[in-house]
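Notes for the one structure printed next.
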There are 2 protein chains.
Amino acid sequence: MNIRMNPEEVLKNSGYKLTQQRRAIIEVLRNSGGPYTANEILSLVSDKYSGINFSTIYRNLELLVRLGIVEKLNIADGYCHFKLTGENHHHHIICNKCGEIREIDICPFDELLRNTKLEDLDFEPVEHKFEIYGICSKCKDKK
Amino acid sequence: MNIRMNPEEVLKNSGYKLTQQRRAIIEVLRNSGGPYTANEILSLVSDKYSGINFSTIYRNLELLVRLGIVEKLNIADGYCHFKLTGENHHHHIICNKCGEIREIDICPFDELLRNTKLEDLDFEPVEHKFEIYGICSKCKDKK
DNA sequence: ATATCTGCAAAGTCTTTGCAGCACG
DNA sequence: CGTGCTGCAAAGACTTTGCAGATAT
């Protein structure tokens with residue numbers, strides 16, 4: 001499955017139906033950025049497709065994650081956050097005040113590999129997360 | 001509040017009572033390592049102090065986190081994990097198969113600061129998390 | 001046509017809260 | 001003794017599931 005295919009194509013080629021609800025979810029994620037909680041996605045999608053249910057949101061987000069179309073973030077605020085999988089590898093900075101999540105391009109992992117610091121761990125890395133929590137510029141100015 | 005004080009002292013000096021339940025929770029965390037979920041902590045503590053309730057576990061874990069005695073980890077498995085705050089700053093490697101969480105001393109953050117990569121972000125970092133998910137040696141051998 | 005998907009409602013999990021009685025200091 | 005703590009039970013928040021009817025291909 002080519003990662004360059006758009007979400008709709010991936011769904012169809014995997015044998016899933018392209019329902020109105022799925023279209024709406026994908027469109028919301030595509031146009032509004034994110035990451036959003038399931039709750040926020042329900043609100044946003046409801047504008048486009050009223051009557052959509054929470055179970056549909058959850059079932060489809062899970063499917064989209066499974067297909068690699070959507071990534072699920074476990075931020076330390078107790079909620080799951082979802083966004084379209086981007087082309088680029090990245091990490092996040094999270095504001096402790098307003099909760100805003102921003103992508104950053106800084107990735108410490110490659111450097112660790114280069115420095116061979118990981119070799120001693122006897123551990124086969126699959127993925128990694130790097131998150132910086134703090135105060136964003138907007139909230140700093142407000143204070 | 002000196003970080004070198006033991007948990008019992010911190011509690012007392014902060015005006016909290018040193019109840020049997022709190023002793024048991026702290027002892028379990030101290031002897032069994034961790035990190036453990038609230039559920040696991042309930043089981044472990046129940047061996048020592050039967051009759052203890054979930055609300056007591058949660059209330060006290062929250063208190064201990066607030067006092068800096070315990071740290072709360074948000075691993076991407078949907079549960080909160082708790083362990084005694086160690087002396088040293090560290091991060092975690094998490095096995096996707098068995099869920100084991102191990103501390104590692106590798107910290108990419110200092111290097112980022114040295115490299116001044118963070119300066120452009122217009123963000124005031126407070127804390128950070130670095131987690132590597134993958135397959136631990138035990139699970140690799142099993143496969 | 002038919003296998004999949006949705007909405008609804010109900011249940012499941014983890015966590016929090018209100019309250020009366022207990023226990024630490 | 002008195003405040004704070006616990007156990008109990010109930011509720012809250014988020015997520016999952018079973019099922020009958022609707023929908024995409």
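The sequence lines fix the lettering, A, B, ..., with proteins before strands; numbering per chain opens at 1. Keep in mind that what you see is a predicted model, and the values were worked out from it rather than measured.
- A donor atom on one side chain and an acceptor atom on the other are found under 3.5 Å apart for B:Ser55 and B:Asn53.
- The side chain of B:Tyr79 contributes an N or O atom lying less than 4.0 Å from OP1 or OP2 of C:dC14.
- B:Ile101 belongs to a hydrophobic cluster whose remaining members, ordered by chain and number, are B:Leu73, B:Ile75, B:Ile94, B:Tyr133; membership requires side-chain heavy atoms of ILVMFWY residues under 4.5 Å apart, directly or through intermediates.
- At whole-Å resolution of the value, NZ in A:Lys12 and C1' in C:dA3 are 17 Å apart.
- One can place CG of A:Asn60 at 13 Å from P of D:dT16, the figure rounded to the nearest angstrom.
- Among the heavy atoms of the strands lying under 4.0 Å from A:Ser55 is at least one base atom, whether or not backbone atoms are also near.
- Against DNA chain C, the stretch residues 41-50 of chain A makes heavy-atom approaches under 4.0 Å through A:Tyr49.
- Distance CG (B:Leu67) to P (D:dG4): 15 Å, rounded to an integer number of Å.
- Comparing B:Asn53 and B:Arg23, the nucleotide of DNA chain C nearest to each residue sits closer to the 5' end for B:Asn53.
- Within the 4.0 Å cut-off from OP1 or OP2 of C:dT13, not a single side-chain nitrogen or oxygen of B:Asn39 is found.
- Per the geometry, CD1 belonging to A:Ile57 stands 17 Å off C1' belonging to D:dT17, to the nearest Å.
- Across all strands shown, B:Glu62 has no heavy atoms under 4.0 Å from either base or sugar-phosphate atoms.
- Side-chain atoms of B:Arg30 never come within 3.5 Å of backbone atoms of B:Leu84 as a donor-acceptor pair (strictly under, hydrogens ignored).
- Between A:Thr56 and C:dT6 there is no side-chain N or O to OP1 or OP2 distance below 4.0 Å.
- Without hydrogens or angle criteria, B:Thr37 side chain to B:Tyr79 main chain gives no donor-acceptor distance under 3.5 Å.
- Screening residues 34-57 of chain B for salt bridge (charged side-chain N to carboxylate O under 4.0 Å, His left out) gives B:Glu27-B:Lys48 as the qualifying pairs, with residues at least two apart or on separate chains.
- In this model, the phosphate group of D:dC5 is not approached by any side-chain N or O of B:Gln20 to a distance below 4.0 Å at OP1 or OP2.
- The interatomic distance linking A:Leu63 (CG) with D:dT16 (P) rounds to 13 Å, in whole Å.
- Rounded to whole Å, atom P of D:dC14 lies 15 Å from atom CG of A:Asn74.
- Checking C:dC5, C:dG7, C:dG25 against every side-chain atom of B:Leu18, the shortest atom distance belongs to C:dG25.
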Given B:Lys83 and B:Val70, is the side chain to side chain contact (heavy atoms under 4.5 Å, CB included) satisfied, shown in steps? CA-CA 6 Å; B:Lys83 75 180 290 294; B:Val70 165; 6.0 Å; no
Please walk me through it: do B:His128 and B:His89 pass ring-ring contact (aromatic ring centres under 6.0 Å, His included)? CA-CA 11 Å; B:His128 62 279; B:His89 176 73; 4.9 Å; yes
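- Residue contacts shown for A:Phe54 are absent, as no nucleic acid heavy atom lies under 4.0 Å away.
- Side-chain N/O atoms of A:Gln21 include none lying less than 4.0 angstrom from OP1 or OP2 on D:dA24.
- A donor-acceptor contact under 3.5 Å links the side chain of B:Lys17 to the base of D:dT3.
- Within 4.0 Å of B:Gly78, counting heavy atoms only, lies no atom of the nucleic acid at all.
- Here B:Arg22 lies in heavy-atom contact (under 4.0 Å) with sugar-phosphate atoms only.
- Residue-level contact check: A:Gly51 touches the backbone only, with heavy atoms under 4.0 Å from sugar-phosphate atoms and none from bases.
- You'll find the side chain of A:Glu103 reaches within 4.5 Å of the side chain of A:His92, heavy atoms only.
- When rounded to the nearest whole Å, the span between CG of B:Leu61 and P of C:dC14 equals 15 Å.
- For a distance-only test at 3.5 Å, the side chain of A:Arg59 qualifies as a donor-acceptor partner of the base of C:dG7.
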